[in-house]
A.B. asks: 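Have a look at this one before I ask anything.
Numbering of ligands and ligand atoms starts at 1, following listing order. Every heavy atom of this structure was used, including side-chain atoms; hydrogens, water molecules and symmetry mates were not.
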Amino acid sequence: MKIDSIDHLNTATAQRVGVSFLHESADLHVSGTATYTDDLPELQGTAHIALGLSEKAHARLLEVDLDAVRHAPGVIAVLTVADIPAANNCGPILHDDPILADSVVHYVGQPIFAVIAKSHDQARRAARLGKISYEELPAILTPQEAKAANAGVLPLMSLKQGDARKALESAPHRLQGTFQCNGQEQFYLEGQISYAVPKEYGAVHIWCSTQHPSEMQQLVAHCLGVGAHKVHVECRRMGGGFGGKESQSALYACVASVAAVKLQRPIKLRLDRDDDFMITGKRHGFYYEYDIGYDDEGRLLGARLDMTANSGFSADLSGPVATRAICHFDNAYYLSDVDMSALCGRTNTQSNTAFRGFGGPQGALVMEVALDTIARRLGKDPLDVRRINFYGKEDRNVTPYDQTVVDNIIHELVAELEESSEYRQRREHIRQFNASSPVLKKGLALTPVKFGISFNVPAFNQAGALVHVYRDGTVLVNHGGTEMGQGLNTKVAQVVAHELGLNLEHIRVTATDTTKVANTSATAASTGTDLNGKAAQDAAYQIRQRLTTVAAQLFSVEESNVKFERGQVQIGDQTMPFFQLVEHAYQARVQLWSDGFYATPGLHWDSKVMKGNPFYYFSYGAAVAEVLIDTLTGESRLLRADVLHDVGKSINPALDIGQVEGAFIQGMGWLTTEELVWNAQGKLTTHAPSTYKIPAISDCPIDFRVNLFDGHNAMDSIHRSKAVGEPPLLLPFCVFNAIRDAVASVGNYQIEPELNAPATAEAVMRAVAAIRKAK
Ligand code: MTE
Ligand code: LUZ
Ligand code: MOS
């Protein structure tokens, strides 16, 4: 058998997991030949959609005059809410997300109408010609205003453990204050897109850039008023999702489908970058009020935390996001007495949504900032304060939500990083540098991460897969997860290759497809490989068992004497190529394909009291950042970063390190240069790369030392690996704290910097100026 083989690394070894195979599409990515939804050859008659957007933050629609739009060149049709056959909703949990605005608009950028034209350009030009008159209503634009108005998209959530009030009253020291972090645009390189093609009897086939094909299927079915069996959603890959395509790919799938079915022609809806910024939700910005009690050593005694998330105009995923924020305030630290609340504040902005970390970063950031502040107040090294608060191994190991931490490795992980990063020596050098450098100042910080793995909605923790073995011995795998660059398909292929003793070039993972695996969960919560890897392993294992029986009978050996390795099957002392055994099995009428299923064991969650066992296990990590700031301009640079991250027993170290590096830099962008600015009328003014600064290669530290912690998952995860997608996004907290440390040096560490996230150059300059003034 001859197969065109890609040059995978390490084909010489028999090992298929624990090896740095290239990403399954690496050569396609770098040569620009990987096909994304917009690259699919267009069918004849394909028309294009542009959306007409609200210009007001909160208003009643008085008159929507679309005559000029209808008569613009190339226009085929214009759709409004009246054209949606059934439910005008694309909300993932609550039904509060209109597809097209119905009488009231809730934010600047909300889609009001859709114009379908012969070309993308004609559609965009026509969309600007809508004449809409509004009666303006009062708008809420910030989480602080939402809190003051007690305006929530959901009821207030709270979690209590012990007696926070008593603990605070009797604490020797109190840190009371407010803090704030900004949102963040996902900035996937491929924007939102759906391509819908009508099929017989009102059915539709949609190619959609989405992390959640099954939910797209369900929402399209609801808005068309047809059964889910008439909606077929497919996604080969995304050019990034980062949470932004978990729920919010739905509006485009729905509008494109409605148009395709109504006009009976293929319809493409691809957002232009500015429209993508204006319409879609982002990471939730948070506002915090906190009160933390501690002793002379810096040990935390009690805490009260009131968080307000900027949820935007609708619920979307804000409930689970706020839940994760509450479940990550503890980060790596034991808290005996806490009282936390989270308000999902209703504001007249885009409806904020999933973004890598999903509330976890927002919960833990405030803790990490507070610990540095406490250390400075006590004149201690922040690492010493952190260490005495770490979860214990035998005691002090129960989280505020009642889950016992049974896999704690934070002590040894941080000790190793402290040593390898030369933390103590560099702390000393930096003190000396700052004493003799009046303008440029350095800062250093080490922050740990503990991140809970599993969807905090237990039902979502399930997955399915299909494995087909063809008569030539090649294997096709299909599973419920989606590929967004993270390498999920590569890892799943490795798992299947391992199970069947095949080389990677014999395995092909195909597009996610609702007609293959049904009722899948979003590829999210970092669980893609944990869930789909286990499901694919289950399917492959069943086929291997059947082949083993065939082989054992063929040569009259015990089944335990049949081994699959390197494309060969060892049967007693005979060897036969895998494809030959497959042909024997085919002739014997043995099923050569199988389904597989997995559900994470042991999860439960009581959302009313916010207690239970929401996570299967925890992923850990820590990082050290050394930064340099210019106190005259406020500019900062990350000089060196040392990262030690726990991925259990890695299935693919190269992919895992790529995820750690990417998440670190993405998280650093959130905390330093990425700033979303809405003007007084509620219009997002930073809606393109010209005004919204994501990190570039030039922002990466010159000295970037990323290592994986040598370990394995204490729980029975797929090959004892751990999820890697989101946890490392919390590592760059050390960059933010190092900037605060550098700013604090201006006041000889006696005055606490007034610096919220992001620490942009302007913010750093203001913080420095405030300290200089106070001195
Ligand atoms: N990596 C790339 N290259 N592109 C992405 O869009 N999304 C992140 C992370 N890593 C993302 C990524 C997010 S938000 C999640 S939840 C996980 O990947 C999802 O994939 P996984 O569960 O397979 O890790
Ligand atoms: N919970 C979670 C969720 O922990 N992570 C997620 O991405 C998610 N998505 C939807 C609902 N719950
Ligand atoms: Mo990731 S935010 O869970 O898609």
Side-chain angles (χ1 to χ4, degrees), residues 23 25-26 29 91-94 184 186-190 209-212 214-215 235 237-249 281-284 315-328 352-363 451-461 463 479-492 509 512 520-533 600 603 605 607 614-616 619 647 651-652 655-656 658-667 717-718 721-729:
H23 188 287
S25 297
H29 290 158
I93 301 174
L94 300 187
Q184 184 180 21
Q186 289 84 0
F187 218 119
Y188 24 63
L189 290 185
E190 176 207 32
S209 183
T210 182
Q211 295 171 240
H212 204 344
S214 285
E215 188 166 272
C235 177
R237 61 167 67 78
M238 283 160 275
F242 304 111
K245 295 170 183 169
E246 182 172 338
S247 62
Q248 300 216 354
S249 39
K282 300 149 205 329
R283 183 189 295 289
H284 295 67
D316 187 85
L317 298 170
S318 293
V321 166
T323 300
R324 196 170 269 278
I326 284 182
C327 291
H328 282 76
N352 289 320
T353 189
F355 191 146
R356 207 170 194 171
F358 201 78
Q362 293 95 321
F451 195 90
I453 302 299
S454 293
F455 284 95
N456 56 25
V457 177
F460 295 168
N461 296 285
H479 58 81
T482 55
E483 177 64 46
M484 56 196 100
Q486 84 276 41
L488 171 61
N489 284 352
T490 310
K491 288 182 174 177
V492 172
V509 184
T512 319
T520 58
S521 294
T523 306
S526 307
T527 60
T529 302
D530 285 19
L531 299 175
N532 298 286
T600 314
L603 304 177
W605 181 244
S607 57
F615 305 123
Y616 188 40
S619 289
V647 295
I651 290 177
N652 185 322
L655 289 177
D656 285 342
Q659 285 291 294
V660 174
E661 289 176 346
F664 185 96
I665 298 298
Q666 191 168 41
S717 61
I718 184 75
S721 67
K722 287 191 182 183
V724 68
E726 296 168 287
L729 191 122

A.B. asks: Return the OG to NZ distance between Ser619 and Lys722, rounded to the nearest 0.5 Å.
C.D. replies: 5.5 Å
A.B. asks: Tell me whether the guanidinium CZ or amine NZ of Lys245 lies under 6.0 angstrom from the six-membered ring centre of Tyr188 and within 45° of its axis.
C.D. replies: yes
A.B. asks: Check whether any side-chain heavy atom of Trp605 lies under 4.5 Å from a side-chain heavy atom of Ser607, and answer yes or no.
C.D. replies: yes
A.B. asks: Suppose we call two aromatic rings close when their centres sit under 6.0 Å apart. Are Phe460 and His212 close by that rule?
C.D. replies: no
A.B. asks: Determine whether Lys491 and Asp656 satisfy the following criterion, salt bridge (Lys or Arg N to Asp or Glu O under 4.0 Å), listing intermediate values before the conclusion.
C.D. replies: CA-CA 10 Å; Lys491 288 182 174 177; Asp656 285 342; 2.7 Å; yes
A.B. asks: How close do Pro92 and Ser247 get, counting heavy atoms only, and between which atoms?
C.D. replies: CG-CB, 3.7 Å
A.B. asks: Nearest protein heavy atom to atom 1 (N) of ligand 2, by residue and atom, and its distance?
C.D. replies: Asn456 OD1, 3.0 Å
A.B. asks: Is it true that the side chains of Thr353 and Asp316 contain a donor and an acceptor less than 3.5 Å apart?
C.D. replies: yes
A.B. asks: Indicate, as side chain, backbone, both or neither, the part of Leu317 found under 4.0 angstrom from ligand 2 when only non-hydrogen atoms are considered.
C.D. replies: side chain
A.B. asks: Among protein heavy atoms, which lies nearest atom 11 (C) of ligand 2, and at what distance?
C.D. replies: Phe460 CE1, 3.3 Å
A.B. asks: Put together the list of close N/O pairs, under 3.5 Å, between ligand 1 and the protein, could you?
C.D. replies:
from	atom 1	to	atom 2	distance (Å)
ligand 1	1 (N)	Gln659	NE2	3.1
ligand 1	4 (N)	Met484	O	2.9
ligand 1	6 (O)	Gly241	N	2.7
ligand 1	6 (O)	Phe242	N	2.9
ligand 1	10 (N)	Arg356	NH2	3.2
ligand 1	10 (N)	Gln659	OE1	2.7
ligand 1	20 (O)	Gln486	NE2	3.1
ligand 1	22 (O)	Ser526	O	3.4
ligand 1	22 (O)	Thr527	N	3.2
ligand 1	22 (O)	Gly528	N	2.7
ligand 1	23 (O)	Gln486	NE2	3.0

A.B. asks: Could you list each nitrogen or oxygen of ligand 3 that sits under 3.5 Å from a protein nitrogen or oxygen, with the atom names and the distance?
C.D. replies:
from	atom 1	to	atom 2	distance (Å)
ligand 3	3 (O)	Ala525	N	2.7
ligand 3	3 (O)	Glu726	OE2	3.1
ligand 3	4 (O)	Gln211	NE2	2.8
ligand 3	4 (O)	Gly243	N	3.4

A.B. asks: Just checking, any donor-acceptor pair under 3.5 angstrom between side chains of His23 and Glu483?
C.D. replies: yes
A.B. asks: Quick one: do the Thr520 and Ser214 side chains pair a donor with an acceptor below 3.5 Å?
C.D. replies: yes
A.B. asks: Contact between Gln666 and Gln186 at the side-chain level, heavy atoms closer than 4.5 Å - yes or no?
C.D. replies: no
A.B. asks: Taking only heavy atoms of Val457 into account, list the atoms of ligand 2 that are under 4.0 Å away from them.
C.D. replies: 12 (N)
A.B. asks: With a 4.0 Å heavy-atom cut-off (strictly under), which part of Phe455 contacts ligand 2: side chain, backbone, both or neither?
C.D. replies: both
A.B. asks: Would you say the side-chain atoms of His284 and Ser318 include a donor-acceptor pair closer than 3.5 Å?
C.D. replies: yes
A.B. asks: How far is atom 8 (C) of ligand 2 from its nearest protein heavy atom, and which residue and atom name does that atom have?
C.D. replies: Phe358 CZ, 3.2 Å
A.B. asks: Would you compute the distance between atom CZ of Phe355 and atom CD of Gln184 and round it to the nearest 0.5 angstrom?
C.D. replies: 3.5 Å
A.B. asks: Below 4.5 Å, heavy atoms only, C-beta onward: do Tyr616 and Ile453 meet side chain to side chain?
C.D. replies: no
A.B. asks: Using a 4.0 Å cut-off to any heavy atom of Ala524, which atoms of ligand 2 qualify?
C.D. replies: 7 (O)
A.B. asks: Give the residue, atom name and distance (to 0.1 Å) of the protein heavy atom nearest atom 12 (N) of ligand 2.
C.D. replies: Pro320 CB, 3.4 Å
A.B. asks: Please write down residue, atom name and distance for the protein heavy atom closest to atom 10 (C) of ligand 2.
C.D. replies: Glu246 OE2, 2.9 Å
A.B. asks: Need the ligand 2 atom indices (1-based, order shown) with element for anything under 4.0 Å from a heavy-atom of Arg324.
C.D. replies: 2 (C), 4 (O)
A.B. asks: I need the Thr210 OG1 to Glu246 CD distance, nearest 0.5 Å.
C.D. replies: 9.0 Å
A.B. asks: Tell me whether ligand 2 is touched by Ser454 - counting only heavy atoms on the residue side and a distance under 4.0 Å.
C.D. replies: yes
A.B. asks: Run the side-chain hydrogen bond (donor to acceptor under 3.5 Å, both in side chains) test on Thr482 and Gln211 for me, step by step, so that the C-alpha distance in whole Å, both residues' side-chain angles and the decisive distance to 0.1 Å come before the verdict.
C.D. replies: CA-CA 6 Å; Thr482 55; Gln211 295 171 240; 5.9 Å; no
